Amino acid sequence: MPALRRVTLRRDDVTLSSLAAAWAADLEERDGAFWPRFDGAVMTAAIRGVAAEARWDEWAAVTAPTLLVRGASGTGPEGEVERMLALRPGAEHIVVPDAGHDVHLDQPDAWLTVLRSFLRKLA
């Protein structure tokens, strides 16, 4: 797992939810970076059942404006993003360079830029 980058958020950037604040508080500093305190194998086992079945009907039924963000070097099942976009043609799709699955951790400044731009369009 790549190290998490240190990010300083200004008050006007985001307001952390209690869940996000709890997650951030549970990071530990190791080798000059921040790491989750959980074991990756335990996390994988915990989400296996949820990830085992695609939820295409539920995805297609979403009517809210949607931003699909993925990292250029992220991984996922072949054709998944294309199917997501085909089922939801109104969804906005952004690929962030130099990022993997966790775009918000790999490229936090790019993530905030993309998110702010999307939210401004909705205002």
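From a predicted model like this one, the values you see are computed outputs, not experimental measurements. By convention here, the first residue in the shown sequence is residue 1.
With values rounded to the nearest 0.5 angstrom, Leu115 atom CG is found 11.0 Å from Ile94 atom CD1. Atoms CG and OG, on Leu112 and Ser117 in that order, are 12.0 Å from each other to the nearest 0.5 Å.
When hydrophobic clusters are built by joining Ile, Leu, Val, Met, Phe, Trp and Tyr residues whose side-chain heavy atoms come closer than 4.5 Å, directly or via intermediates, Leu122 is grouped together with Val114. Transitive grouping of hydrophobic side chains (ILVMFWY, heavy atoms separated by less than 4.5 Å) keeps Leu85 and Leu67 in distinct clusters. Connection of Val69 to Val95 is not established within any shared hydrophobic cluster, with ILVMFWY side chains joined at heavy-atom distances below 4.5 Å, either directly or through further cluster members.
The backbone N or O of Val96 lies less than 3.5 Å from no partner atom in the side chain of Gln107, so there is not a single donor-acceptor pair. Although no hydrogens or angles enter the test, the distance criterion places a donor-acceptor pair under 3.5 Å between the side chain of Trp59 and the main chain of Met84. With Thr113 contributing its side chain and Asp109 its backbone, the two residues share a donor-acceptor pair below 3.5 Å.
The nearest pair of heavy atoms linking Asp98 to Ala72 is N-CB, 4.4 Å.
Sorted by first and then second residue, the pairs that involve residues 68-82 and meet side chain to side chain donor-acceptor pair (under 3.5 Å), not counting sequence neighbours, are Arg70-His93.
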Yes or no on side chain to side chain contact (heavy atoms under 4.5 Å, CB included) for Val81 and Leu68, after CA distance, side-chain angles and deciding distance? CA-CA 9 Å; Val81 170; Leu68 177 60; 4.1 Å; yes

May I have the step-by-step check of side chain to side chain contact (heavy atoms under 4.5 Å, CB included) for Glu92 and Thr66, ending in yes or no?
-> CA-CA 6 Å; Glu92 188 171 335; Thr66 303; over 6 Å; no

